[in-house]
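Have a look at the structure below, then the notes.
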Amino acid sequence: MEFAKKSVETIKAELLDKLRTAFGSGLEEATDDQIYQALAMMVRDEVMQRRSASRGVRKQTGSKKVYYLSAEFLIGRTLHSNMVNLVNEQNYLKALDELGIDKNVIFEQEPEPGLGNGGLGRLAACFLDSLTTLRLPAMGCTIRYEFGLFRQKIVDGYQVEVPDNWLDSGNIWEIPRPHETVEVHFGGRVIPYDDKGRMRFRHENYNVVEAVPYDVPVLGYDTTMVNMLRTWSARSPKRIDMQSFNSGQYVKAMAERELAEVISKILYPNDDSYQGKELRLKQQYFFSSASIQYAVNDFLKVYGPQWEIFSDKVAVHINDTHPAVAIPELMRILMDEHDLSWEEAEKICVNTFAYTNHTVLQEALERWPEQLFAEQLPRVYMILQEMNKRLCAKLWDVYPGQWERIGHMAILAYNQVHMANLAVAYSHSVNGVSAIHTNILKKQTFHDYYVMNPRKFVSITNGITHRRWLFQCNPGLTALIDDALGTKWHKDIERLRDLVPFADDAAFREKFAQVKYFNKLRLVDRVRRMQGIEINPDSLFDAQAKRLHEYKRQLMNALGILLYYNTIVEHPDRQYLPRTYLFGAKAAPGYQRAKLTIKLINSVAELVKKHPVASKYINVVFLENYCVSQAEVLMPAAELSEQISTAGKEASGTGNMKFMMNGAVTIGTMDGANCEIYDEVGADNIYIFGLTAEQVERGYTNYRASEVYETNPAIRKVMEQLIDGTLCPENPRMFQEIYHALLFGDGGGMADPYFVLKDLPQYFVTQKKVSSDYMDRDKWLRKAVMNTACSGIFSSDRTIGEYNRFIWHLKPLDL
Ligand code: 26W
């Protein structure tokens with residue numbers, strides 16, 4: 001099926017028409033929001049026409065479908081990206097231009113869905129874009145959080161959280177499907193009974209929560225394929241009836257409603273640290289159960305009860321352990337509702353589920369109190385007990401007598417439900433998200449499982465969609481590459497490599513530099529507009545943008561700036577490279593150390609500003625409310641990408657890929673996907689420093705942070721500045737706890753567990769090398785071009801291709 005591209009004239013005429021019919025207004029009196037709404041309706045219509053055209057093809061052809069379950073989908077704004085995927089962005093933008101409408105003002109009207117914390121949620125969004133572009137049948141499943149991730153304000157250097165009420169003015173992209181509502185049951189008790197020789201279970205006295213689906217259509221690039229992101233909203237089945245109102249039961253009924261509906265109210269703002277909260281467990285079961293019910297019903301509609309082909313037609317992918325409760329839920333549905341035997345159900349589950357791990361940090365691994373599970377999900381808990389019993393019997397055969405090892409691998413142990421073990425034991429595939437990360441999974445985290453079944457473990461390096469992270473956010477660079485290569489690379493991104501020879505082409509490098517400069521001006525303008533801060537566009541733009549976490553070491557970056565500051569203050573007459581240090585980071589609201597680090601960064605910014613010479617060379621800018629749309633402006637403007645995690649801790653990182661694709665050079669440790677970036681660009685085009693993962697692992701036993709302090713005067717000075725009032729004259733004790741944690745450890749732990757002081761000297765030396773290379777303009781530009789040229793492999797199209805080849809085995813739909 002072919003769809004004609006709308007011409008500029010058609011778009012203009014339709015827009016004016018929509019404004020009239022939807023709002024009764026002409027262009028002159030229409031508000032920016034009305035123009036956004038009208039435009040979005042037009043684009044939505046185009047998407048839905050494609051949906052109708054591709055609808056039913058999967059069912060007719062009996063194609064397999066993957067359900068991608070994720071507690072987070074950080075999709076960002078949709079209007080612009082749909083224009084890109086319609087391959088008609090230019091006509092749309094031209095039409096706006098000709099009508100005298102500022103496209104950026106209109107795009108910024110769209111409320112941004114912040115339904116994710118960081119990397120894991122954004123990855124899910126990139127995957128949906130690639131799945132659809134590759135015409136693979138898929139459905140994303142998540143929660144329709146009424147409040148997404150908090151918005152961040154910086155007040156007096158501190159983070160302040162503001163609720164994100166993104167749905168307040170409606171969401172034009174979602175289609176409510178109330179007729180597809182399903183029930184999810186919580187609490188109550190389970191009564192076993194005998195039914196003609198078969199043991200059955202009756203669930204009684206449970207609370208019902210209704211899961212109402214809202215579908216967001218996801219359009220592929222240059223195809224009529226449309227997949228859905230299904231977001232589930234919680235609703236109480238209790239309607240307000242006059243009866244209860246009259247009998248004084250009104251307040252009680254209202255309270256019950258709220259208890260049910262709170263499930264889809266908020267996204268938990270924790271990234272990489274786990275707390276066993278009852279509501280979070282309910283959220284997980286809520287969307288997992290609803291999604292599995294839908295998948296089973298959809299299968300039944302197409303194939304009837306041919307259970308033996310279920311896993312040939314349905315794949316369920318669980319994005320980290322958050323939806324792992326979907327596994328016993330499918331067991332329950334198959335056995336209790338469709339009469340399958342344990343063995344049949346178990347086989348289907350293993351063949352259906354696949355699991356991706358996204359972190360090796362112990363504090364992030366989900367372990368629920370058994371008690372909580374038993375109370376909230378009594379039937380699922382019974383199934384987990386049986387799964388665990390059978391699993392342990394099997395493990396006993398492999399590891400006879402090794403109780404401790406078996407306890408470590410069990411689903412239920414030490415009164416906890418171990419979600420990662422559940423996911424590993426009952427999936428046919430387990431993958432890490434970069435080569436080094438998968439190796440750590442094999443050698444450490446899941447080692448005992450790995451030796452039992454090495455073929456279950458695969459490594460698939462993360463990726464990003466180059467539609468959003470290059471075409472959409474960096475039209476200048478896209479056009480420049482088109483000039484050099486034509487447009488074949490759009491759909492075959494690894495051909496970006498054909499750009500490699502252009503690194504040696506002086507004229508091309510110059511144009512590349514112009515595009516970068518233009519993008520820097522765009523960021524300068526935005527920061528001035530939003531935060532009232534001035535930035536020198538001729539300085540080196542050095543960016544670290546990611547969630548705030550100790551292992552990501554924003555602290556090391558800040559201490560590095562202090563070292564640089566001290567050098568300038570000591571030798572004010574020398575020449576230095578002006579740098580703008582850009583930070584973007586949200587801290588989990590309960591993570592005190594992370595919040596204090598934000599205050600520290602802002603205090604360093606203040607200190608620098610006060611010094612007449614240092615302020616000429618250093619500008620520290622904390623970008624408020626780092627989010628997808630902020631990233632879309634930052635990535636194209638950045639020149640140096642900070643990827644400086646303690647080696648072995650960052651599973652992959654995906655920001656590193658976005659920066660690289662937009663021509664920033666990485667300074668980083670050998671961690672996560674940085675290792676693959678190194679392999680692609682070669683040692684000359686990346687700045688690697690610091691301990692390796694093995695050295696970090698060994699270092700835990702013999703590292704003495706105080707030794708660095710004692711032997712390195714520059715570092716000693718920076719450390720003293722944390723506590724002598726330099727940074728925060730009104731409260732010199734402000735950063736004492738950071739000082740203490742680095743030198744002596746806190747909470748009984750070791751000193752400096754993330755090796756900040758250990759890596760700092762090498763980091764600083766490497767930064768000096770960066771400065772001198774940058775001053776050699778040609779040398780630097782060559783590196784920048786090489787980074788873009790070698791980034792094709794980090795497209796999520798490659799990633800999804802590998803998931804499909806190794807795990808799902810879906811066939812592209814023929815439309
Ligand atoms: C239960 C609390 C919690 C919440 C979120 C624990 C763990 C998480 C996520 C797994 C954290 C996360 O987003 N991990 C990131 O996943 C990205 C995509 O694979 C990787 O690129 C990042 O390295 C990894 O930190």
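For ligands, and for the atoms within them, numbers begin at 1 and follow the listed sequence.
- Using 4.0 Å as the threshold, His322 has a heavy atom nearer than that to some atom of ligand 1.
- For atom 2 (C) of ligand 1, the closest non-hydrogen atom of the protein is Ser273 O, 3.3 Å.
- Side-chain atoms of Asn421 come within 3.5 Å of backbone atoms of Met409 as a donor-acceptor pair (strictly under, hydrogens ignored).
- Taking the charged nitrogens against the carboxylate oxygens, Glu802 and Arg798 do have a contact shorter than 4.0 Å, which makes a salt bridge.
- Using a 4.0 Å cut-off between charged side-chain N and carboxylate O, Asp671 and Lys649 make no salt bridge.
- Ligand 1 has no nitrogen or oxygen under 3.5 angstrom from a nitrogen or oxygen of Thr359.
- Interface atoms of ligand 1 facing Asp320, defined by a heavy-atom separation under 4.0 Å, are 10 (C).
- When the side chain to side chain donor-acceptor pair (under 3.5 Å) test is applied to Trp469, no partner is found at least two apart in sequence or on another chain.
- Seen from the ring of Phe150, Lys586 counts as a face-on cation partner, given the 6.0 Å and 45° thresholds.
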Show your reasoning for whether side chain to side chain contact (heavy atoms under 4.5 Å, CB included) applies to Glu639 and Val665. CA-CA 6 Å; Glu639 297 174 289; Val665 183; over 6 Å; no
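- One finds a salt bridge joining Arg593 and Glu550 here, because a Lys/Arg side-chain nitrogen approaches an Asp/Glu carboxylate oxygen to under 4.0 Å.
- Proximity of Asn462 to ligand 1, defined as any heavy-atom pair under 4.0 Å, is confined to the side chain (atoms from C-beta onward).
- The aromatic rings of Tyr700 and Phe755 sit perpendicular to each other, their planes meeting at more than 60°, with 30° as the lower class boundary.
- When each atom of ligand 1 is checked for a heavy atom of Ala651 under 4.0 Å away, the hits are 23 (O).
- The cationic group of Lys282 lies under 6.0 Å from the six-membered ring centre of Phe186 and within 45° of the ring axis, placing it in a cation-pi geometry.
- At a threshold of 4.0 Å, the pair Glu161-Arg151 does not count as salt-bridged, since none of the basic side-chain nitrogens sits closer than that to a carboxylate oxygen.
- The closest protein non-hydrogen atom to atom 22 (C) of ligand 1 is Glu650 OE1, 3.4 Å.
- Closest to atom 6 (C) of ligand 1, if we only count protein heavy atoms, is Asp272 N, 3.6 Å.
- Close contacts between ligand 1 and Tyr551 involve ligand atoms 25 (O) [criterion: under 4.0 Å to a heavy atom].
- Among protein heavy atoms, atom 4 (C) of ligand 1 sits closest to Asn270 O, 3.4 Å.
- Considering backbone and side-chain atoms together, Lys552 places no N or O closer than 3.5 Å to any N or O of ligand 1.
- Considering backbone and side-chain atoms together, His358 places an N or O closer than 3.5 Å to an N or O of ligand 1.
- At least one N/O-N/O distance between Ser652 and ligand 1 falls below 3.5 Å.
- Checked against a 3.5 angstrom limit, the closest N/O atoms of Gly653 and ligand 1 fall inside it.
- Partner of His317 under the ring-ring contact (aromatic ring centres under 6.0 Å, His included) criterion, chosen from Tyr67, Phe806, Tyr803: Tyr803.
- The distance criterion of under 3.5 Å between nitrogen or oxygen atoms is not met by Arg280 with respect to ligand 1.
- For ligand 1, the polar-atom distance check finds an N/O of Leu120 within less than 3.5 Å of one of the ligand's N/O atoms.
- Using a 4.0 Å cut-off to heavy atoms of Gly119, the atoms of ligand 1 that qualify are 17 (C), 18 (C).
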